[in-house]
There are 2 protein chains.
Amino acid sequence: MPRSTRTALTRDEVLDAAAALVKQHGPASLTMRKLAAELGTAVTSIYWHVGNRESLLDALVERTVEEMGAVRPAGRTPAARIVSVARGLRRELRERPHLIAMVHERGLTERMFLPAQRALVHEMHAAGLRGARAAEAVRAVQFQVVGYVLVERNRERAPAQHPGEEDLWGADAAEHDPALARALARPADPERLFVNSVRALVDGLLTRAGGAVSGGPYPQ
Amino acid sequence: MPRSTRTALTRDEVLDAAAALVKQHGPASLTMRKLAAELGTAVTSIYWHVGNRESLLDALVERTVEEMGAVRPAGRTPAARIVSVARGLRRELRERPHLIAMVHERGLTERMFLPAQRALVHEMHAAGLRGARAAEAVRAVQFQVVGYVLVERNRERAPAQHPGEEDLWGADAAEHDPALARALARPADPERLFVNSVRALVDGLLTRAGGAVSGGPYPQ
DNA sequence: ACCTGAACACCGTTCAAGT
DNA sequence: ACCTGAACACCGTTCAAGT
């Protein structure tokens with residue numbers, strides 16, 4: 001929809017229109033000429049407001065980083081609250097895949113994760129973890145979330161591209177462990193798998209700290 | 001370096017030159033005209049050999065997927081062999097960041113990980129894990145590796161972009177837990193942190209299976 | 001302060017024409 | 001079978017000129 005022609009063009013209007021285009025079809029589909037057509041102005045007007053295409057994308061990224069600030073842990077135990085933070089992160093990442101990818105390209109992933117990181121630190125402390133071990137636990141959860149969302153999206157985008165996968169697992173491992181073959185062929189419920197994975201990881205991390213379960217600190 | 005002008009242009013020559021350009025400066029820097037100049041031919045000759053730019057990139061991706069096949073687990077215990085597989089994956093991912101990103105964009109990440117996945121399944125079995133729980137353990141390790149490499153590269157590429165990070169951790173949490181603040185401000189030894197994270201995760205996953213450490217199976 | 005069209009260099013791709 | 005130059009539509013960006 002072209003904007004109303006009464007008022008003057010705004011930098012925010014440009015950003016909004018650009019964000020809409022990127023959210024739908026990715027940054028490659030955002031051309032200055034298409035954006036101008038969408039806004040009902042000359043291509044060159046956009047340059048006055050945002051400088052150039054790169055600055056425009058940078059501004060979109062900056063917006064996204066700021067929007068990722070809200071983190072509301074919920075639950076009775078630290079472990080439960082960590083899981084809730086992880087679920088929130090996953091949801092936010094899944095809502096803006098293209099923008100998140102752009103944040104990543106610009107090296108701002110860590111800054112984007114700062115609020116979540118602080119929440120995780122708080123919960124690790126509440127669970128009795130301290131120092132370098134708490135830091136490792138925080139990072140382990142972050143990586144788990146990022147990795148899961150990436151692989152998950154990958155699978156969704158390319159559902160028919162793995163014709164040999166079931167065959168491979170079917171041929172070799174099916175008789176040894178059919179349940180495993182089935183589980184690896186397709187993740188029945190991504191949300192459930194996600195929560196279970198995070199829960200297992202958190203459980204492992206917290207248990208290690210308490211009892212030195214098998215072998216104690218890691219040498220070398 | 002322009003190729004020798006004696007022999008006819010080969011599809012493989014085109015792929016090699018394209019791969020070299022992509023490895024150095026990423027896919028965006030690969031233009032058909034630059035590639036032609038590099039090969040000492042007309043732009044249009046390339047089209048005869050590879051169809052178009054998209055097919056050329058697809059071919060590079062296909063190559064990369066095939067090259068990621070070699071996985072050699074080493075170590076005495078299943079846990080040690082799992083860690084060695086993870087280290088090998090990390091090394092291979094770090095060697096070709098641009099190509100790996102292209103593989104991911106095309107939805108082939110899972111296919112690329114198949115050989116490693118099978119090795120991980122084998123070790124999980126050796127460690128006594130079966131069925132859906134073994135499948136979850138395999139995926140947890142995969143995600144851990146992918147997530148770690150992504151965040152790690154991100155930090156390397158944008159070393160000066162986090163001016164506020166130390167301040168944030170310094171101001172708030174430093175007195176409560178200075179060791180943690182330090183650890184989160186900069187990862188001293190990425191390889192060490194990686195191995196320790198994977199080892200902790202594997203430890204947690206395997207321990208859970210044996211003894212039902214805290215709470216048993218996950219409801220809901 | 002804000003907007004415009006013309007012009008430039010670059011891009012991927014097609015095609016008819018060569019050998 | 002393999003290679004070529006000309007031509008097309010598209011792109012980001014600059015700039016002098018308008019109000």
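Residue numbers start from 1 in every chain, and the chains themselves are labelled A, B, ... in the order their sequence lines are given, proteins ahead of strands.
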For the side chain of Arg33(A), counting heavy atoms from C-beta on, which of dC11(D), dG5(D), dC3(D) is nearest? dC11(D)
Looking across every strand, which nucleic acid part, if any, lies under 4.0 Å from Leu35(B) by heavy atom: base, sugar-phosphate, or nothing? nothing
What's the gap between dC11(C) and dC8(D) when it is taken at their C1' atoms, as a whole Å value? 12 Å
Quick check: do Val85(A) and Val141(A) have side-chain heavy atoms less than 4.5 Å from each other? no
Is it true that Glu191(A) and Arg87(A) make a salt bridge, defined as a side-chain N closer than 4.0 Å to a carboxylate O? yes
What is the nucleic acid contact for Ile46(B), judged by heavy atoms within less than 4.0 Å: base, sugar-phosphate only, or nothing? nothing
Which nucleotide in dT4(C), dT4(D), dG12(D) has an atom nearest any side-chain atom of Thr41(B): dT4(D)
So do the side chains of His104(A) and Val146(A) get within less than 4.5 Å of each other, counting heavy atoms only? no
Find the distance Arg11(A):CZ to dA1(C):P and express it as a whole number of Å. 16 Å
Taking the C1' atom in each of dC3(D) and dA16(C), what is the distance between them to the nearest angstrom? 13 Å
Does Leu150(B) reach the side chain of Thr109(A), with side-chain heavy atoms less than 4.5 Å apart? no
Give the nucleotide from the list dT4(C), dT4(D), dA1(C) with an atom nearest to the side chain of Trp48(A). dA1(C)
With both distances under 3.5 Å as the test, what is the Watson-Crick or G-U wobble partner of dC15(D)? dG5(C)
Contact class for Thr31(B) (heavy atom, under 4.0 Å): base, sugar-phosphate, or nothing? sugar-phosphate
When rounded to whole Å, the CG to C1' distance for the pair Leu9(A) and dA1(C) reads 13 Å
OP1 or OP2 of dC3(C) under 4.0 Å from side-chain N/O of His49(A): yes
Protein-nucleotide distance (Leu30(B), atom CG; dT13(C), atom C1'), rounded to Å: 15 Å
For nucleotides 15-19 of chain C, list the nitrogen or oxygen atoms of the protein found under 3.5 Å from its nitrogen or oxygen atoms, one pair per line.
none

If I take atom CE in residue Met32(A) and atom C1' in nucleotide dT14(D), what distance separates them, rounded to the nearest angstrom? 13 Å
Proximity to the side chain of Tyr47(B) - top-ranked nucleotide from dT13(C), dC3(D), dT4(C): dT13(C)
Polar side chain donor-acceptor pair, Asn52(B) to Ser55(B), under 3.5 angstrom: yes
Rounded distance in Å - CG (Leu39(B)) to P (dC2(D)): 15 Å
Where each residue is assigned the nucleotide of DNA chain D containing its nearest heavy atom, which of Gly51(A) and Lys34(A) is assigned the position nearer the 5′ end? Lys34(A)
Is the NZ or CZ atom of Arg90(A) positioned over Phe194(A)'s six-membered ring, under 6.0 angstrom from the centre and within 45° of the axis? yes
Pick the P atom in dC2(C) and in dA17(D), then give their distance to the nearest Å. 22 Å
What one should report as the nearest heavy-atom pair of Arg11(A) and Ala59(A) is NH2-CB, 3.7 Å
How close or far is atom C1' of dT13(D) from atom CG of Leu56(A), stated in whole angstroms? 14 Å
Does a side-chain N-to-carboxylate-O contact under 4.0 Å join Arg106(B) and Glu54(B)? yes
